[in-house]
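Quick note on labels: first sequence line is chain A, next is B, and so on, each numbered from 1. Every heavy atom of this structure was used, including side-chain atoms; hydrogens, water molecules and symmetry mates were not.
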There are 2 protein chains.
Amino acid sequence: MPLPQTEMPGRLQAHFAERGIRMTQQRRAILRVMETANKHLDAAHLLRKAQKLDASVDRSTVYRTLKLLKRHGLIDELDLMHINGEGHYYERKLNRDHIHMACLGCGKIMEFVSDIFEKLKGQVEKDCRFRIVVSRLEIGGYCAECSK
Amino acid sequence: MPLPQTEMPGRLQAHFAERGIRMTQQRRAILRVMETANKHLDAAHLLRKAQKLDASVDRSTVYRTLKLLKRHGLIDELDLMHINGEGHYYERKLNRDHIHMACLGCGKIMEFVSDIFEKLKGQVEKDCRFRIVVSRLEIGGYCAECSK
DNA sequence: ACTCCAGTTGCAATCGAGTCGCATCTGAGC
DNA sequence: GCTCAGATGCGACTCGATTGCAACTGGAGT
Ligand SMILES: [Mn+2]
Ligand SMILES: [Mn+2]
Ligand SMILES: [Zn+2]
Ligand SMILES: [Zn+2]
């Protein structure tokens with residue numbers, strides 16, 4: 001019997017097992033950090049947090065694991081408008097994807113779920129006959145406080 | 001009498017003049033390349049093309065001019081799903097902004113204009129009380145040919 | 001429990017996009 | 001023409017990300 005479609009979010013390790021991907025000490029640490037993170041992490045933060053769980057984790061392993069997670073569609077990669085340097089941010093892909101807004105005034109990051117966004121993706125798939133694998137809508141501007 | 005809103009696209013130099021930004025040999029070359037480019041350019045390509053018009057153009061001037069153009073909202077910066085390295089791509093901002101789709105199979109870049117996208121931005125501005133300055137919707141997936 | 005090896009890791013070197021300090025140069029207002 | 005704020009070229013630099021390689025290890029097979 002298949003699991004319900006709204007699969008429990010946060011079981012990256014389970015995904016690895018299902019797909020026969022080898023589990024290592026280091027990957028366990030990195031996945032745990034990604035699973036429990038409540039905000040967008042860049043590679044450097046991810047490394048530091050993972051090293052608290054397993055001091056042996058190396059920077060290159062973080063990057064290799066991020067690439068693996070991306071390849072399997074388990075995480076999303078974000079720019080967040082390059083509000084802080086040239087690097088990228090990562091977050092676990094949940095059931096529903098969302099829009100990211102970055103305030104150019106105060107640096108705050110906001111998220112927003114929208115049915116219109118889903119409709120737009122549907123339109124792209126239909127009108128352009130394009131099979132969507134990953135989508136990223138990032139908006140820069142000014143939040144309510146910073147606007148007035 | 002104001003110009004019609006659908007201003008003639010492609011007059012970056014005119015924008016500079018209007019806003020009292022100094023015009024130089026090098027900027028003239030770079031702006032000309034941006035104006036006449038028909039595809040998304042990365043900084044390296046932009047440099048090479050600009051150097052054909054003015055051999056003295058330096059890499060750092062290209063980056064400084066890109067930053068200037070961004071700051072004035074005259075160009076958009078794109079990742080195009082990092083289909084080719086970590087760099088960014090640039091294009092002149094036209095009247096109507098558009099979605100970018102990158103085919104993970106053949107590397108083709110497609111563009112798409114959608115009223116639903118405009119509606120979505122309107123929703124964000126209204127529901128989140130967020131004043132949008134710049135927006136980027138980038139989609140990765142498979143085009144019609146690569147899907148079958 | 002032991003073996004085995006493909007896959008993974010740490011490390012250090014390296015790449016490549018983008019930035020910066022500084023001496024020099026230049027555009028455009030007078 | 002002068003003048004100088006602002007722009008440029010150059011080289012050094014930062015920093016995110018990648019890679020080659022020898023050593024290590026997970027987990028399948030026995
Ligand atoms: Mn980017
Ligand atoms: Mn475009
Ligand atoms: Zn703000
Ligand atoms: Zn394709």
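Without hydrogens or angle criteria, E35(A) side chain to Q13(A) main chain gives a donor-acceptor distance under 3.5 Å. Without hydrogens or angle criteria, E138(A) side chain to L78(A) main chain gives no donor-acceptor distance under 3.5 Å. When atom types are taken as modelled, the side chain of Q26(A) and the backbone of T61(A) share no donor-acceptor pair closer than 3.5 angstrom.
Nucleotides of DNA chain C that come within less than 4.0 Å of any heavy atom of chain B span, from the 5' end to the 3' end, dA17(C) to dA28(C).
Here the options are R92(A), K93(A), K70(A), the test is salt bridge (charged side-chain N to carboxylate O under 4.0 Å, His left out), and the partner is E77(A); only K70(A) passes.
Between R22(A) atom CZ and dG26(D) atom C1' there is a gap of 5 Å when expressed in whole angstrom units. Counting to the nearest Å, the C1' atom of dG27(D) and the CZ atom of F16(A) are 16 Å from each other. For L47(B) and dT8(D), the CG to C1' distance is 14 Å, given to the nearest whole Å.
Listed by residue number, the members of residues 69-81 of chain A with any heavy atom below 4.0 angstrom from DNA chain D form an empty set. Taken residue by residue, residues 49-63 of chain B places heavy atoms nearer than 4.0 Å to DNA chain C at R59(B), S60(B), Y63(B).
Within the nucleic acid shown, A44(B) has no heavy atom closer than 4.0 Å to any nucleic acid atom. Among the heavy atoms of the strands lying under 4.0 Å from R27(A) are primed sugar atoms or P, OP1, OP2 only; no base atom is included.
Note: H88(B) and H82(A) have perpendicular aromatic rings, judged against thresholds of 30 and 60 degrees for the angle between ring planes.
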Self-check item: Full working for salt bridge (Lys or Arg N to Asp or Glu O under 4.0 Å) between D42(A) and R48(A)
Solution: CA-CA 10 Å; D42(A) 59 24; R48(A) 270 194 299 262; 5.5 Å; no

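Residues E86(A) and I21(B) each lie close to DNA chain C; by heavy-atom proximity, the contact nearer the 5' end of the strand is made by E86(A). Each of R64(A) and M23(A) was matched to the nucleotide of DNA chain D holding its nearest heavy atom; the match closer to the 5' end belongs to R64(A).
With 3.5 Å as the limit, one finds no donor-acceptor pair spanning the side chains of R32(B) and T36(B). A side-chain donor from one of Q123(B) and S114(A) sits under 3.5 Å from a side-chain acceptor of the other.
Under the 6.0 Å distance and 45° angle rule, K67(A) does not count as a cation-pi partner of Y63(A).
Using a 4.0 Å cut-off between charged side-chain N and carboxylate O, D54(B) and R27(B) make no salt bridge.
Taking all atoms of both residues into account, the shortest heavy-atom contact from I30(B) to A50(B) is CG1-CB, 4.0 Å.
Phosphate contact (OP1/OP2 of dT25(D), side-chain N/O of Q25(A), threshold under 4.0 Å): absent.
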